[in-house]
**Student:** 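Submitted below is the structure of interest, expressed as structure tokens.
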There are 2 protein chains.
Amino acid sequence: MALTVRKNKSPAPQCPIGECMAFLRGAWTPAIIWNLSGGARRFGELRSDIGKISAKVLTHRLRELEDMGVVRRDVKPTSPPSVEYSLSDLGKELMPAIAAIVSVGHRLKKRSARRLAA
Amino acid sequence: MALTVRKNKSPAPQCPIGECMAFLRGAWTPAIIWNLSGGARRFGELRSDIGKISAKVLTHRLRELEDMGVVRRDVKPTSPPSVEYSLSDLGKELMPAIAAIVSVGHRLKKRSARRLAA
DNA sequence: CAGCATCCCACGGGATACTG
DNA sequence: CAGTATCCCGTGGGATGCTG
């Protein structure tokens, strides 16, 4: 105990939160990744599944995620253009975090519902 | 298969991401919660532990988290004022999500380090 | 269908200075 | 020590309209 450690409280032993949060920036990003976890989906599907996201934002976020190597973008040269988005390997690495967020969300939802009932 | 289900892809079976993300809003919030997970900490400790967060933002986020019932604020009426922040039970419920984020962050960091070495 | 362009606003966050 | 008060800016995001 030669160090000038005032307390034995664990001072958050290295927390590279930024390393992960960099990929989750934006209010919709987690939802996007989550909706892609079930497999490749097209732009419109994604849009309606997520709910109220605007096309602009969805495009923006998807491009960003693509640039970061989180999602893959596959264009099928069909007559009405069709684009499929899917998670890359890197994207799949983010799933535990997203899944945990979703799980917590579920628990929180149930809890608040119970409080309202009481 | 009477439904007009085009594909058997799982369309993200309910994702109350918002329920959880509402508590993680802001770039610093996860870091704040993470740094409180080791036990109660004072304002200054928190500030320097997190790193580069400004006092204004830290105050703002802490107040917000307090209002939402995520953190508790205990004022010790000592001569130099001393305030301790700690996680409430609700705040502790968020830990799995934060921990997952941190864990993913670690893996991502290692991975990128390895890529740089190659 | 899958976007891009444009406008416009709100909020998060940094910097700096000041206080009980 | 633990904030508060301003000022300022960048970006996220919504709405609407147009295109290949």
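Letters A, B, ... mirror the listed sequences (proteins, then strands); counts begin at 1.
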**Student:** Under 4.0 Å between a side-chain N or O of B:R47 and OP1 or OP2 of D:dA2?
**Tutor:**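 B:R47 to D:dA2 OP1/OP2: no side-chain N or O under 4.0 Å.
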**Student:** Is a salt bridge present between B:R73 and B:E84, judged by a nitrogen-to-oxygen distance below 4.0 Å?
**Tutor:**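 So B:R73 does not pair with B:E84 through a salt bridge.
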**Student:** A:L46 and A:L62: side chain to side chain contact (heavy atoms under 4.5 Å, CB included), yes or no, with the steps?
**Tutor:** CA-CA 11 Å; A:L46 217 42; A:L62 283 172; 4.1 Å; yes
**Student:** Counting side-chain heavy atoms from C-beta on, which of C:dG12, C:dG3, D:dG20 comes nearest to A:P81?
**Tutor:**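 My answer, after comparing the listed nucleotides, is D:dG20.
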**Student:** Using whole Å, what does the distance between atom P of nucleotide D:dG3 and atom CG of B:L46 come to?
**Tutor:**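 Interatomic distance, CG of B:L46 to P of D:dG3: 10 Å.
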**Student:** If each of B:E64 and B:A55 is mapped to the nucleotide of DNA chain C with the nearest heavy atom, which maps nearer the 5' terminus, i.e. the 5' end?
**Tutor:**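 Nearest-nucleotide comparison on DNA chain C picks B:E64.
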**Student:** Can you tell whether the side chains of A:D74 and A:K76 come within less than 4.0 Å, N to carboxylate O?
**Tutor:**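 Not counted as a salt bridge, because no side-chain N and carboxylate O are separated by less than 4.0 Å.
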**Student:** Would one find a side-chain N or O of A:Y85 under 4.0 angstrom from OP1 or OP2 of C:dC1?
**Tutor:**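 A:Y85 to C:dC1 OP1/OP2: no side-chain N or O under 4.0 Å.
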**Student:** Rounded to the nearest angstrom, tell me the gap between atom CZ in A:R41 and atom P in C:dC1.
**Tutor:**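 It is 14 Å, rounded to the nearest whole Å.
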**Student:** Apply salt bridge (charged side-chain N to carboxylate O under 4.0 Å, His left out) to B:R25 and list each qualifying residue two or more places apart in sequence or on a separate chain.
**Tutor:**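 By the salt bridge (charged side-chain N to carboxylate O under 4.0 Å, His left out) rule, B:R25 matches B:E64.
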**Student:** Let me know, please, whether A:G26 or B:R73 comes out on the 5' side of the other along DNA chain D by nearest nucleotide.
**Tutor:**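 Final value for this comparison: B:R73.
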**Student:** Side chain of B:W28 only, heavy atoms from C-beta on: which candidate in D:dG13, C:dG3, C:dG14 is closest?
**Tutor:**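 Among D:dG13, C:dG3, C:dG14, the one nearest the side chain of B:W28 is C:dG14.
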**Student:** For B:T59 and B:A55, indicate whether the former's side chain and the latter's backbone hold a donor-acceptor pair under 3.5 Å.
**Tutor:**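 Indeed, once roles are kept as given, a pair shorter than 3.5 Å links the two residues.
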**Student:** With a 4.0 Å cutoff (strictly under), does any side-chain N or O of B:R63 reach OP1 or OP2 of D:dT4?
**Tutor:**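 Checking B:R63 against D:dT4: at least one side-chain N or O falls below 4.0 Å of OP1 or OP2.
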**Student:** Name the closest nucleotide to the B:F43 side chain, picking from D:dC1, D:dA2, C:dG12.
**Tutor:**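 Among D:dC1, D:dA2, C:dG12, the one nearest the side chain of B:F43 is D:dA2.
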**Student:** C:dG14, C:dG12, C:dC4: which one has an atom nearest the side-chain heavy atoms of B:S54?
**Tutor:**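 That would be C:dG14.
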**Student:** Phosphate oxygens OP1/OP2 of C:dC11: is one of them under 4.0 Å from a side-chain N or O of B:R25?
**Tutor:**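 For B:R25, the contact criterion (side-chain N or O under 4.0 Å from OP1 or OP2 of C:dC11) is not met.
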**Student:** Side chain of B:R42 only, please: which of C:dG12, D:dC1, D:dG14 is the nearest?
**Tutor:**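 Closest nucleotide among those given: D:dC1.
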**Student:** Output yes when A:E19 and B:R107 qualify as a salt bridge under the 4.0 Å nitrogen-oxygen rule, no when they do not.
**Tutor:**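 So A:E19 does not pair with B:R107 through a salt bridge.
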**Student:** Between the base of C:dG13 and the side chain of B:K56, is there any donor-acceptor pair under 3.5 Å?
**Tutor:**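 Under the 3.5 Å cut-off, the side chain and the base do form a donor-acceptor pair.
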**Student:** If I take atom CD in residue B:E66 and atom P in nucleotide D:dA2, what distance separates them, rounded to the nearest angstrom?
**Tutor:**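 Rounded to whole Å, this separation is 15 Å.
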**Student:** In whole Å, I'd like the distance from the CD atom of A:E84 to the C1' atom of C:dG3.
**Tutor:**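 To the nearest whole Å, that distance equals 16 Å.
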**Student:** The helix from C:dC1-D:dG20 to C:dG20-D:dC1: angle between its terminal axes, five pairs each, to 10°?
**Tutor:**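 About 50°, once rounded to a multiple of 10°.
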**Student:** Side chain of A:H60 only, heavy atoms from C-beta on: which candidate in D:dG12, C:dG13, D:dG14 is closest?
**Tutor:**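 Selected nucleotide (nearest to the side chain): D:dG12.
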**Student:** The side chain of B:V57 is closest to which nucleotide in this list: C:dG12, C:dG14, C:dC4?
**Tutor:**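 In terms of side-chain proximity for B:V57, the closest of C:dG12, C:dG14, C:dC4 is C:dG14.
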**Student:** Let me know the distance between CG of B:L58 and P of D:dT4, rounded to the nearest Å.
**Tutor:**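 Atom CG in B:L58 sits about 11 Å away from atom P in D:dT4.
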**Student:** Consider the side chain of A:P80, meaning its heavy atoms from C-beta on, and name the nucleotide among C:dC1, D:dG12, C:dC4 that approaches it most closely.
**Tutor:**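 Looking only at side-chain atoms, A:P80 lies closest to C:dC1.
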**Student:** Can you check the A:D49 CG to C:dA2 P distance for me, whole Å?
**Tutor:**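 Going from CG in A:D49 over to P in C:dA2 covers 12 Å.
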**Student:** Could you state the atom-to-atom distance from CD of A:E45 to C1' of C:dC1 in whole Å?
**Tutor:**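 Spelled out: CD on A:E45 to C1' on C:dC1 is 12 Å.
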**Student:** Does B:S82 offer a backbone N or O that forms a donor-acceptor pair with the side chain of B:R42 under 3.5 Å?
**Tutor:**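 Judged by distance alone, no pair lies under 3.5 Å.
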**Student:** Could you give me the CA-CA distance, side-chain angles and deciding distance for A:M68 and A:F23, then say whether side chain to side chain contact (heavy atoms under 4.5 Å, CB included) is met?
**Tutor:** CA-CA 8 Å; A:M68 293 189 297; A:F23 295 96; 4.0 Å; yes
**Student:** A:K52 has an atom NZ; how far is it from atom P of D:dG14, in whole Å?
**Tutor:**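 Rounded to the whole Å, the gap is 7 Å.
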